[in-house]
Amino acid sequence: MSESSPGKKSISAIKGTKDILPREARAWQQAENIAKNVFELYGYREIRAPVFEATELFEKGTGQTSDIVIKEMYTFTDKGGRSVTLRPEYTPSVVRAIIEHRLYLQPGPLRFYYIGPMFRYDKPQKGRYRQFHQIDIEVFGESDPAIDAEIVEMADYLLQELRISDTETLVNSVGCRKCRPAYIKELRTAAQAVAASLCADCQRKVTTNPLRIFDCKIETCGELARRFPEITAYLCAECDDHFRNFRAYLDLYGIPYRIEPRLVRGIDYYTKTTFEITTVKLGAQNAVVGGGRYDDMMKDFGGPDICGIGFAAGMERLLSVARLEKKPESFVFIAHLGSEAKKVALGIARDLRRQAVECLLEFKERGLKAQLGRASKLQASWSLIIGEEEIKKGQFLLKNMKTGVQREVRLEDIPDLVRTESRQD
RNA sequence: GUGAGUGUAGCUCAACUGGUUAGAGCAUCGGACUGUGGAUCCGAAGGCUGGGGGUUCGAGACCCCUCACUCACCCCA
């Protein structure tokens, strides 16, 4: 168990990572398929980028003052002396790929999705892991606030398809490079005035990033922050207009939301729209979806001046509250009696599999009782019994394990029988 | 990084105020049972009680250290 045990040491999964065992993997596949289907309906296409990138990509993209970059990255030097980082989020990678492959030359707007592992050196707790998985979507080259609303609506639909209820959608605008500085200045002076009453952390934020004071959960800080100026009152005409229209489109879709002027995403690049979808069922880590607009990133990376927007959803969190339907599994267990029957059974198994019928058989020669017991324990839907008589007749016994009814069938009838009858269950 | 809680078989849990060789159920494997399953009965295997140190005649239990897990802070998906 532990590394310090002297004798037999057993190796276990790294802290904050976990194995997804077959039972659970089934649910993952289902959720991934649902997500892919939803995204494709909205015109999104999959893009796959490497799990590790130049460290610089995240320093520039995610931001030097974000906690993710400051203390949560898996960064190491490879054998060529390069500093590389296991991606803590996906957006910078996509932006990099678009610039690198000049994808912006294709007719826009560009819509991408991706599902895969991300890495952050956090202390694990409920809904938070060091290797976790995100569903991520990004849109480039669409500045109309209708897209902001459309991706929220799409996220909403995704949650619906996953049968996740009791969610709340929070929206905000964090302004742009034109209006935010003025607001930050006001905010900073307001914070400075009461700095002595703020917690140590928040006192530091006054100079580094006063927006983050809003995130503080200490009551006294919250009390004080409530009297701070709110960004929504300081938006420039363009940002204000964008925010107003964004909300109008949400209303058009009939999506309920709450304006949360203190909603501050911890990633530096956001501009204008930010949003988050939370659920009460998750404990402290209650955000299942989070995202926003990042109009300057492409330009900042030396690409063309193309705006971007996207969101990420945490797979582990989604799965812990999703109510997926259990898909019935159906397979045929082949029981064989005698060495001749075993040979026949092997061939039949192969033929059935070629016809998309899942089947299983044990190689050990045992009594019929034992084999049916096995089938039953493995929860086979059907058993196919093959003995001397059956081989002679060219007819085999197909037994429905649920009803116990069995009948003589010819080999070529099995695929249809198995499929139609299992659909009726 | 900080704090709290919990560590006994694959899983769920026992073991009195410290007292023989740490038990049970479920699961696993074998047998009863070589042409009809889920049952039943019998049996087997499975543990350095997370690890190390200490107190004691004696520790699964008490003390210290450590590791892991869980939850919360923080941060976020």
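Order of the sequence lines sets the chain letters (A, B, ...), proteins ahead of strands, with each chain counted from 1. Please read all numbers here as calculations on a predicted model, not as lab measurements.
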Inset, instruction - Using atom CD1 of A:Ile386 as one end and atom C1' of B:U34 as the other, report the distance to the nearest whole Å. - result: 17 Å
Legend entry - Phosphate OP1/OP2 of B:G37: any A:Lys369 side-chain N/O under 4.0 Å: yes
Inset, instruction - Assign A:Gly387 to base, sugar-phosphate, or nothing according to its heavy-atom contacts below 4.0 angstrom with the strands shown. - result: base
Inset, instruction - Report which part of the nucleic acid A:Gly127 touches: base, sugar-phosphate, or nothing (heavy-atom distance under 4.0 Å, all strands). - result: base
Legend entry - B:C65 to B:G23 separation - C1' atoms, rounded to the nearest Å: 31 Å
Legend entry - Nucleotide forming a Watson-Crick or wobble pair with B:U49, both distances under 3.5 Å: none
Legend entry - Plane angle bin for A:Phe140 and A:Phe112 - parallel if under 30°, tilted between 30 and 60°, otherwise perpendicular: tilted
Inset, instruction - Report, as yes or no, whether the 6.0 Å neighbourhood of atom OH on A:Tyr157 holds more than 12 heavy atoms from other residues, nucleotides or ligands. - result: no
Inset, instruction - Using a cut-off of strictly less than 4.0 Å, decide whether A:Gln285 has a side-chain nitrogen or oxygen near OP1 or OP2 of B:C76. - result: no
Inset, instruction - Could you check whether A:Glu390 gets within reach of a base, just the sugar-phosphate, or nothing at all, counting any heavy atom under 4.0 Å? - result: base
Inset, instruction - Measure the acute angle between the ring planes of A:Phe52 and A:Phe76, then classify it against the limits of 30° and 60° as parallel, tilted or perpendicular. - result: tilted
Inset, instruction - Identify whether any heavy atom of A:Leu318 sits under 4.0 Å from a base atom; if not, whether one sits that close to sugar-phosphate; answer base, sugar-phosphate or nothing. - result: nothing
Legend entry - Short side-chain N/O contact to B:A77 OP1/OP2 from A:Arg87, under 4.0 Å: no
Legend entry - Complementary nucleotide for B:G3 - Watson-Crick or wobble, under 3.5 Å: B:C71
Legend entry - Check against side chain to side chain contact (heavy atoms under 4.5 Å, CB included), A:Val289 and A:Asp156: CA-CA 10 Å; A:Val289 177; A:Asp156 189 71; over 6 Å; no
Inset, instruction - For the residue pair A:Trp28 and A:His133, categorise the inter-ring angle as parallel (less than 30°), tilted (30 to 60°) or perpendicular (more than 60°). - result: perpendicular
Legend entry - Length of the line joining A:Leu162:CG and B:A77:P, which is rounded to integer Å: 18 Å
Legend entry - Options B:G31, B:C74, B:G35, nucleotide nearest the side-chain atoms of A:Arg366: B:G31
Legend entry - A:Leu372 or A:Tyr129, whichever maps to the more 5' nucleotide of RNA chain B: A:Leu372
Inset, instruction - Could you check which of B:U36, B:A72, B:C76 has an atom nearest any side-chain atom of A:Leu397? - result: B:U36
Inset, instruction - Pick base, sugar-phosphate or nothing for A:Asp67, based on heavy-atom distances below 4.0 Å to the nucleic acid. - result: sugar-phosphate
Legend entry - Protein-nucleotide distance (A:Ile14, atom CD1; B:C69, atom P), rounded to Å: 10 Å
Inset, instruction - Using the C1' atom on both, measure B:A15 against B:G51 and round to a whole Å. - result: 22 Å
Inset, instruction - Have a look at A:Tyr90 and say if it touches a base, only the backbone sugar-phosphate, or nothing, with a 4.0 Å heavy-atom cut-off. - result: nothing
Legend entry - Check: B:G35 base within 3.5 Å donor-acceptor of A:Glu388 side chain: no
Inset, instruction - Could you give the distance separating B:C41 and B:U55 at their P atoms, to the nearest angstrom? - result: 50 Å
Legend entry - Complementary nucleotide for B:C76 - Watson-Crick or wobble, under 3.5 Å: none
Inset, instruction - Nearest whole angstrom, please: distance from the C1' of B:G38 to the CG of A:Asn400. - result: 14 Å
Inset, instruction - Could you tell me which non-hydrogen atom of A:Asp144 sits nearest to which non-hydrogen atom of A:Arg293, and how far apart they are? - result: O-NH2, 3.9 Å
Inset, instruction - Select one nucleotide: of B:C76, B:U36, B:G1, the one nearest the side-chain heavy atoms of A:Ile385. - result: B:U36
Inset, instruction - Assess the pair A:Phe39 and A:Tyr113: is the distance between their ring centroids shorter than 6.0 Å? - result: yes
Legend entry - Value in whole Å for how far the C1' atom of B:C75 lies from CG of A:Asp268: 13 Å
Inset, instruction - With the side chain of A:Arg120 defined as its heavy atoms from C-beta on, choose the nearest nucleotide among B:C76, B:G35, B:G30. - result: B:C76
Legend entry - Counterpart base for B:C29, defined by Watson-Crick or G-U wobble contacts under 3.5 Å: B:G43
Inset, instruction - State the pairing partner of B:U36; accept Watson-Crick or G-U wobble contacts with both distances under 3.5 Å, and report none otherwise. - result: none
Legend entry - P gap between B:G37 and B:A32, integer Å: 15 Å
Legend entry - Base-pairing mate for B:A9 - Watson-Crick or G-U, with both contacts under 3.5 Å: none
Inset, instruction - Quote, to the nearest angstrom, the P distance that separates B:G25 from B:A44. - result: 13 Å
Inset, instruction - Please confirm whether any donor atom in the side chain of A:Arg128 sits under 3.5 Å from an acceptor in the base of B:C71, or the reverse. - result: no
Legend entry - Side-chain donor/acceptor of A:Lys123 to base of B:U2, under 3.5 Å: yes
Inset, instruction - Write down the distance between NZ (A:Lys377) and C1' (B:G37), rounded to a whole number of angstrom. - result: 10 Å
Inset, instruction - Report yes if at least one side-chain N or O of A:Lys399 is closer than 4.0 Å to OP1 or OP2 of B:U36; otherwise report no. - result: no
Inset, instruction - May I ask you to say what A:Ala375 touches in the nucleic acid, namely base, sugar-phosphate or nothing, with a heavy-atom cut-off under 4.0 Å? - result: nothing
Inset, instruction - Start with the C-alpha distance between A:Arg45 and A:Glu40, add both sets of side-chain angles, then the distance that settles salt bridge (Lys or Arg N to Asp or Glu O under 4.0 Å), and finish with yes or no. - result: CA-CA 6 Å; A:Arg45 293 296 178 262; A:Glu40 299 264 346; 3.0 Å; yes
Inset, instruction - For A:Tyr121 and for A:Arg374, locate the closest nucleotide of RNA chain B by heavy-atom distance; then report the residue assigned to the nucleotide nearer the 5' terminus. - result: A:Tyr121
Legend entry - B:U6 and B:U66, which share atom name C1', separated by this distance in whole Å: 16 Å
Legend entry - B:A27 to B:A39 separation - P atoms, rounded to the nearest Å: 7 Å
Legend entry - Whole-angstrom distance between B:A22 and B:A45, as gauged at atom P: 15 Å
Legend entry - Side chain of A:Gln125 (C-beta onward), nearest among B:C71, B:G35, B:G38: B:C71
Legend entry - Whole-Å gap separating P (B:G35) and CD (A:Glu408): 18 Å
Legend entry - Pairing of A:Lys60 and A:Asp300 as salt bridge, 4.0 angstrom limit: no
Inset, instruction - Determine the contact category for A:Gln371: base if any of its heavy atoms lies under 4.0 Å from a base atom, sugar-phosphate if only primed atoms, P, OP1 or OP2 are that close, otherwise nothing. - result: nothing
Legend entry - Pairing partner of B:C62 (Watson-Crick or G-U wobble, both distances under 3.5 Å): B:G54
Inset, instruction - Can you check whether any acceptor in the base of B:U36 is under 3.5 Å from a donor in the side chain of A:Gln406, or vice versa? - result: yes
Legend entry - For atom CD of A:Glu389 and atom P of B:G35, their distance in whole Å: 10 Å
